[in-house]
Visitor: 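Following this message is one structure expressed as structure tokens.
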Amino acid sequence: MNCDRARRALSERMDGEHLSRRAAAALEAHLRTCAACRAFESQAWALRERVRLGLAPAVPDLVEPIMAAVRAEARRRPIALRPVEPLEVPPAPGRRRPPLLRRLAPQLAAALIGILVGSLAVGGPWSPERPATAEDVTTGVLRAAARVTAYRASFRILERNLSPEVPLRELSMELWFRAPERFRLDVTDHTVPASDDSAPTDLRLVTDGQTWYLRSPPPCPTCPPRESLVTNRTPFSSETPVPADLVVPVATLSSPDGVRVESRDRIGGRWEVTLAMPFERAAPLFPFLELGGTWRPFYPHDRVEVTLDAETWAPLAWSVYPARGRERDQWALRFGLPEEPPDLPIMEVRRIAVSPRPPAETDFAIPAHVPASDAGAIPVGLADLPREAGFHPVAPERLDGLRLYRAVVPEPDAGAGASAILAYAEGLRWLKLAETRSPTSTAPLVDPHAEELPLAGGVAYYEPATADHGRRLVIHTAEGDLYLETNLPREDLLAVASSLPVRGLPLPRSWRLRESEIGTVERVTLEQAEAAAPFPLLLPETLPEGAALASVELVRTDGRIGVTLYFQGREVALGGTLRLHLEPGAALPTTSEPGVLTVELRDGPARYSPRSGRLEWISEGRYVSLEGPGLTLEQLVAVASSLAPAVPGPSGPASPTGMP
Amino acid sequence: MQDPDPRTLARARAGDVGAFEELVRTYQGDLYRFAYSYTRDRALAEDATQEAFLRAYRFLPSFRGESRFGSWLFRIARNCALDAIRARKGQEERALRAPAPPGPSDPFARVELHTALAAVSPEHREPFLLIEVFGLSYQEAADVLKVRVGTVKSRMHRARVAMMAALATEEAEEEEDAGEL
């Protein structure tokens, strides 16, 4: 295929024509080798966006004058209500990609050309300066998240290598949002199905915050679509998630850790910033992957490039590029993926239109025919809260602009105490506070590796954001427990939490001590571990960006004492938890894991087990094991090579340097 | 382009004014914008839109569904818009034209687009607007313009290439201008 033919084929494809399988394959093959034609394609899409947004006159409402003329006509020449011939409906030519205006939802079709200003309904303007660092981006995103009130946009999704039969898939995505929790997301799959046994990935999510509805593809093409409806949903529940990062990527970018600024461009008088980050870091920008249907797999270290409008901080385009390296190749082999060139995106999402008009209430209509499951979080008025909950819930004094959005009294679980939830929001920023009064003093639900930190004269337990959760903080008191969860940065969470009229107690010893198959495990401080260990501790000077020591455990097995240190991101649990274990030893334990490698470290040879992401070696009479399932071998080696004897002192590892 | 609800269409064909009003609500925005792309004048575009719906109301009983309803409506609107332009030429003095509609966020970008569009011949511009702006398929555009699908396809591609070149040239010139400052 030459360039001219390829560009004609590209034109046809973007205009909704169906290419034959052979033509599509030839086009893909050409695009892989021809940068000029790839540029042509992206310029053609840019032209479409520009023309749709730029050629639009304001549309007057002509219904009344038109209908006045029609009624006059009807009176003058009454059309006899005679039977008319039945319509010849053209036969549907199979499942072809519908034309664009139909692909974009009807509501948009009406609004699309009338669009004059492509902007979020936000209270700007701010940050007109040229954003330079990932910190600038985080600041901008958080400010925009506070101000955004409504958004309506359309996106196009291209996905490569879903299967050998479907090398390229095109979907459209429509988004409606009104702060704080009204969302609707429609995904429509325009791909010709490869076989009769696969249903297209058509999705719909609608929520008003309290009720949450999801329709996803059926398990077979002839089955009805799956529908689920949840009523009395807990505000900002991660079990019934909302696609907030498509509006402003607040979950993805509330921290600059692991994010790099790639480029800044001034386009049409506005700054656009392009950022790069690993896929796992950008997961909230791909909410549709979690909602159902069929999608290709992504490797956690695949590179995501996100372009943001530096004025509204709305994501404009984001693409996933395959990571390089042996581990990625082996992973790809498991999924039967073809060889994927590193400069060809395997998924591209691009905003193609945005409406200046906020969505209407009717856009968030939730179907009523679906049997509901009641999540039991019943909203109550603030005045009724003490009576409904059975106690007076505490509230933070400091809210930093957040306002009370909903008060909820969950239906009590059997045996559990009374509880109440206060949810606060400002734009897309949110924080919720659950308070539980327990009749018996049981230990609260805290991750054993949560970071223990001082808070307002007491202690609290902190966990960074994960793919499913915001940042969490648990405060254990004499009366009960407080759980805070938020998409705000750690510092803001701690500021709000420290204004609560409570003092957190350390968790009881029963919680710090547990029996495991390897022996007795006790959570201690770093100083306690140093004092108890019969060998000098080692601490890394290099850690993944944003990571820090979160918890320390003493492990007692048959009279031997080992120490395990857990490191995780302070803001984002990037790459999971990094575990460093030390104990006296002269030889490596046996392993049954296949595919182990030997790696040369400064101290000598080390064994690497790729499946578990573990690196083990012997160092001066100590058995050392370093485990980071989310890290590459290079990253693990970087951490391992930086291990040095701990410097005695209260501050723990002295500000570890970032890792490339 | 969306299809109307077949029941609404059937009632409108039988003369039901209420059902016809639903069709007007659905299509008036698209039809106005389409007419405006010919007239470049708000008042004329309004007249053409109104006239198009009036004709549609008259001819609806004869609409047989050979093409999609939207294509049929666009074809009528195109005729009305061309009639309106012809009529204006005869009575230029009357054309106390309304000021141009308010522009999008970046008025300069819009001027560029119009300059670029003006550089494309009318026969290429028409399929370009129908497909690129109004989202019609090649078949639907062919139905509106009464030409073959293959013709639409090749004109569309040429128009796209020409638009991309025209905009690239303007941008290059702008950069030169900026460089001189």
Side-chain angles (χ1 to χ4, degrees), chain A residues 7-8 11-12 15-17 40 43-44 47-48 50-63 65-67 69-71 73-74 77-90 98-104 106 109-119 268-270, chain B residues 1-3 6 9-10 13-15 17 20-21 24-26 28-30 32-33 36-37 42 45-46 49-50 53-54 57-58 61 63-68 101-106 109-110 112-114 117 129 131-138 140 153-154 156-157 160-161 163-164 167-168:
Chain A
R7 289 174 193 195
R8 282 172 193 279
S11 254
E12 289 176 29
D15 292 337
E17 295 298 298
F40 175 87
Q43 281 160 14
L47 171 65
R48 169 164 294 174
R50 197 166 160 189
V51 165
R52 292 208 169 162
L53 295 177
L55 280 181
V59 176
D61 187 353
L62 295 174
V63 176
I66 291 170
M67 288 315 295
V70 167
R71 279 189 208 100
E73 170 88 9
R77 200 172 56 80
I79 296 174
L81 287 174
R82 59 188 161 86
V84 289
E85 295 159 69
L87 279 182
E88 290 166 20
V89 177
L100 239 144
L101 270 201
R102 194 147 50 92
R103 277 191 258 154
L104 307 171
L112 186 61
I113 320 298
I115 290 161
L116 299 182
V117 184
S119 107
R270 297 153 85 103
Chain B
M1 193 162 43
Q2 65 189 120
D3 281 321
L9 188 55
R13 285 183 80 218
V17 175
F20 190 77
E21 183 168 341
V24 173
R25 277 190 198 287
T26 309
Q28 65 119 1
D30 278 350
Y32 171 82
R33 287 183 285 265
Y36 183 84
S37 72
R42 294 167 84 179
E46 284 180 23
T49 309
Q50 184 164 330
F53 276 110
L54 209 53
Y57 181 72
R58 277 181 210 146
F63 171 64
R64 295 280 305 276
E66 288 99 346
S67 65
R68 300 192 38 200
S105 49
D106 185 351
R110 232 180 130 213
E112 275 170 27
L113 272 178
H114 285 302
L117 260 183
L129 288 170
I131 292 162
E132 197 76 325
V133 179
F134 295 95
L136 269 64
S137 69
Y138 290 163
E140 289 160 355
K153 199 187 277 189
S154 67
M156 174 64 203
H157 181 64
R160 175 172 283 144
V161 172
M163 282 293 288
M164 281 158 70
L167 287 169

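In the text below, chain A, chain B and the rest are named by the order of the sequence lines, each starting its count at 1. Just so you know, these numbers use all the heavy atoms, side chains as well, and skip hydrogens, waters and symmetry mates.
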Visitor: Looking at Glu12(A) and Tyr138(B), what are the two nearest heavy atoms and their distance?
Guide: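 That would be CA-OH, 3.4 Å.
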Visitor: Taking the side chain as every heavy atom from C-beta outward, state whether Met67(A) and Phe53(B) have any atom pair closer than 4.5 Å.
Guide: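 The answer is no, as the side chains (C-beta and beyond) never meet within the 4.5 Å cut-off.
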Visitor: If we check side-chain contact (heavy atoms from CB on, under 4.5 Å) with Gln50(B), which of these qualifies: Ile66(A), Val70(A), Leu62(A)?
Guide: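 The passing option is Ile66(A).
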Visitor: Which residue out of Lys153(B), Glu21(B), Met156(B), Arg160(B) racks up the most heavy-atom pairs below 4.5 Å with chain A?
Guide: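 The option with the most such pairs is Arg160(B).
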Visitor: Report yes if the side chains of Asp15(A) and Glu132(B) come closer than 4.5 Å at any heavy-atom pair, otherwise no.
Guide: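 When only atoms from C-beta onward are counted, Glu132(B) and Asp15(A) do touch, with a gap below 4.5 Å.
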Visitor: Please tell me if the side chains of Glu46(B) and Pro60(A) come closer than 4.5 Å, counting only heavy atoms from C-beta onward.
Guide: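 The answer is yes; the side chains approach within 4.5 Å.
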